[in-house]
Structures are given as C-alpha cells and as structure tokens.
Amino acid sequence: MTDVPPRIGGLDVESWGDPEDPIVLLIGPAQRLFVDWRRSVRALVAAGRHVVLAAFDADADDAVGLRRLLTELPSRPALMCAAEALPVVAPALSVTGPALASCLVIAPDDARADVPTPAASIEVQSLLADLPVHVVARDQGVDPTEAENAAILGFLERHAPRDALLYQAGSDPRTLRDALGCFATGVTVVTTLDEAGQPVGLTANSFSSVSLDPPLILFCLARSSANVERFRQAAHFAINVLHIGQQPTSGVFARSGDRFQDVAWETWDTGVPILSGALASFECATDQIVEAGDHLVIIGRVTRARFEPRRDPLLYFRGKYRRLHFS
Ligand SMILES: Cc1cc2nc3c(=O)[nH]c(=O)nc-3n(C[C@H](O)[C@H](O)[C@H](O)COP(=O)(O)O)c2cc1C
C-alpha cells in the first residue's frame, strides 16, 4: 500500500491505489468499518478502487466539514461509514446527496458483532433519499472478510462502476469469441499416450467439472488437433491443472515440437503422463465422447486426483494469461 498523506477539505487523508481509479472514501476510523480493514483495503485496490481514508471524527467534525471534504475530492466518491457516524454523514448527504457521492456503504456499529445495525432507520433513509445504500451484514462463516469484500465489491460494481458501461453485441464470430473470452478460466495440459505408447498432450482451458457422483470431468478438443484420433482411441487420459509458474509449460503444449522434453512427468495407474509439478492432476478413464460442432467433448471418469493446496493457479482471461495470488 502506498501512502499519500495530503489534507483534503481540512482533514488528514491517507490513500491507497491508483488516483485515476474511482474513489472509495472511508470515513474513519478504518478498524470500525471492516472485520480486517487492511485486507479489505487491499481487496478494494485490487478491484480497481482508489481508497481514501479521511480522519473524520463523527463526534468532533460536523456535516459541513464532510460536505467540504466531498466537494474537494477530484471525483464523486462511493462513501463508506460506520453506522454510528450516520447522524453526521446522513445530513451531509441529504438533498444533494447523489451529487456528492455515488452510493453509501454502512458498516454495523461493531465490526465484530453479529447484531443488526440501526442504519436502516426511517429517519436516516429519508435523509439519504435516492442514494443507493448497502448495509454490510456481518457474516460469521469461515472467512467473514471474504464474504464482506464480495458483498461490498458487488454493490460498488452496480452503483459506482469503474467505467461507463459499454456493451458490445453482435452475432458475428469476433463478438462470440470476445464474449466467450470474458469467462476466466484456469489452464490445463491434457495428456494421453499414442499408439506407440509415447506421451502426447496439449494445452486446454475448456476443462470443467461435470459430476461428483460419479466423478466426471470434461474438456473440449478441436477436431483440427493433431491428436484428435489419439484421444478418440484412448481408454485413459489425464488433466493437469497448471500453477502460476507454469505459463512456459502452457506455451510449450500449445506449440508444435517435442512437448515433453523439458517437463518432468510420471505415471500412476494407467500409464498416461501426469505432469509432476502441476497444481492438480486428474487421471481419468474415457467415459463418453460427444461430437459437438468443430470440437469433441471428451468426458472422463476420474480414477485418481492429486492437488497442492498452497500454490496459486495460472489463469486465462480475454486471450491473455493472468496471475492472481491467493496463497
Ligand atoms: C490457453 C490456451 C487454451 C487452449 N484451450 C484449448 C482447448 O480447450 N481445446 C483445444 O482443442 N485447443 C486448445 N488450445 C489450443 C491448443 O493447445 C493448440 O492448438 C495446440 O497446438 C494443439 O496441439 P495438437 O494439434 O498437437 O493437439 C488452447 C491453447 C491455449 C494457449
């Protein structure tokens, strides 16, 4: 996080993220706003928000001070405050509220408490008029911060989108490809053996789980693949999910050449190649092959699976490799 400590509207502010991104103004103190404020600020920044934390004290500072702060910001922010600050925040946003802020996120009184907040009171609602409001519900699940971040980011995407929405529509192949590219995937290498018992494989992102009982997975193989007959004949195959460091492997298995030369692999029960360093591997018996347009949908029954829980995945989105760190 990069600190930019200027004063705006007479208040000290700290900020994180790219100043070009839409502002989320936190009316401090941050510890009262989130279960884990550092993690939530990181999540907001990663989602393309410029987070500005104002040292605004609802007891000492008044609605006029807040209005001044809002008008001096370079763009209209999404606002987040604690429920207890509402008696000052709501009057500051009344009447011209939507002109000063795009939306309001209200955190419950006690960031750790599982109690309903009074933020939705009729009095406050009438002051906030048409301003979109999201009241954070504290989730007691396995990862409350994750649930809270997801809800806040979903609300911000709806009411304070990063860019003006610019949908493109059409029935042409380019639009179809680009629309399909909006579905982010992992990257796999699918492998089997050729008629001579030699390993073959290719990069595929069309992997999907199908069924848990029985355990079925699928991938789609282009009919134009040099390996199409091998997979059609194969009684077994394997799917290897690549980790964040295996982009070169993905490249090798998408190009022609000796693909197995520089990659460590092993065999399990059926002899098909299992990439030794993969994030996860599934050894499968071919269950069904469905002819589908210019691809085959190859469905496999998983006979053995292995995964490494501490590694991050290699991702593919809009025709590019992407990296996200989770662990
Ligand atoms: C990220 C990525 C995903 C791919 N996904 C698939 C896929 O799901 N199915 C497929 O048939 N080809 C897919 N390809 C293309 C093949 O990997 C590529 O055409 C390869 O050269 C095919 O090799 P082959 O003709 O030797 O089988 C993908 C390529 C990349 C880079």
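Whatever order the structure lists ligands and atoms in, that order sets their numbers, starting from 1. Values below: all heavy atoms of this structure, side chains included; hydrogens, waters and symmetry mates excluded.
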Looking only at distances, can you tell me whether any N or O atom of Leu202, backbone or side chain, sits closer than 3.5 Å to an N or O atom of ligand 1? no
Asn205 N/O to ligand 1 N/O under 3.5 Å: yes
Under 3.5 Å between any N/O of Val187 and any N/O of ligand 1: does that happen in this structure? no
Please could you name the atoms of ligand 1 that Ala226 approaches to less than 4.0 Å, counting only its heavy atoms? 24 (P), 25 (O), 26 (O), 27 (O)
Polar proximity ligand 1 side, Ser225 side, N/O cut 3.5 Å exclusive: yes
Regarding atom 26 (O) of ligand 1: of the candidates Arg230, Arg259, His295, which has the closest heavy atom? Arg259
Close approach of Phe253 to ligand 1, heavy atoms, under 4.0 angstrom: yes
Selected option - heavy-atom contact closest to atom 9 (N) of ligand 1, from Gly257, Gly186, Ala204, Cys220: Cys220
Under a 3.5 Å cutoff, is there a donor and acceptor pairing between the side chains of Asp18 and His50? no
Checking side-chain polar atoms at under 3.5 Å, does Gln168 have a donor or acceptor matched by the opposite partner on Thr175? no
Between the candidates Val228, Thr203, Leu314, Thr188, which shows the shortest non-hydrogen contact distance to atom 16 (C) of ligand 1? Thr203
Give the intermediate values and the outcome of side-chain contact (heavy atoms from CB on, under 4.5 Å) for residues Glu148 and Arg39. CA-CA 11 Å; Glu148 177 176 301; Arg39 221 176 120 195; over 6 Å; no
Go through ligand 1 atom by atom and flag the ones less than 4.0 Å from a non-hydrogen atom of Ala254. 17 (O), 18 (C), 20 (C), 21 (O), 31 (C)
In terms of atom number and element, which parts of ligand 1 are under 4.0 angstrom from non-hydrogen atoms of Leu221? 11 (O)
Applying a heavy-atom cut-off of 4.0 Å, say which part of Ser256 lies close to ligand 1: side chain, backbone, both or neither. neither
Step through it carefully: locate the ring centre of Phe260, locate the ring centre of Phe253, and say whether they are under 6.0 Å apart. yes
Residues, nucleotides or ligands: over 12 heavy atoms within 6.0 Å of Glu20 CD: no
Asn227-ligand 1 polar pair, N/O distance under 3.5 Å: yes
Taking atom 8 (O) of ligand 1 as the reference point, the nearest protein heavy atom with its distance: Ser206 OG, 2.6 Å
Look only at interatomic distance and state if Ala222 has a nitrogen or oxygen under 3.5 Å from any nitrogen or oxygen of ligand 1. yes
With distance as the sole criterion, is a donor-acceptor pair present between the side chains of Trp268 and Glu266 under 3.5 Å? yes
Do Thr145 and Asp36 pair up side chain to side chain, a donor and an acceptor below 3.5 Å, judged on atom types alone? no
In terms of heavy-atom contacts, does CZ of Phe317 have more than 12 from other residues, nucleotides or ligands at under 6.0 Å? yes
Less than 6.0 angstrom separating the ring centers of Phe231 and Phe219, yes or no? yes
Contact (N/O only, under 3.5 Å) between Tyr321 and ligand 1: no
Specify whether the nearest protein heavy atom to atom 19 (O) of ligand 1 is under 4.0 angstrom away. no
Thr188 and Asn240: side-chain donor and acceptor closer than 3.5 Å? no
Please determine whether the number of non-hydrogen atoms from other residues, nucleotides or ligands lying under 6.0 Å from atom CG of Leu180 exceeds 12. yes
Need the ligand 1 atom indices (1-based, order shown) with element for anything under 4.0 Å from a heavy-atom of Tyr316. 1 (C)
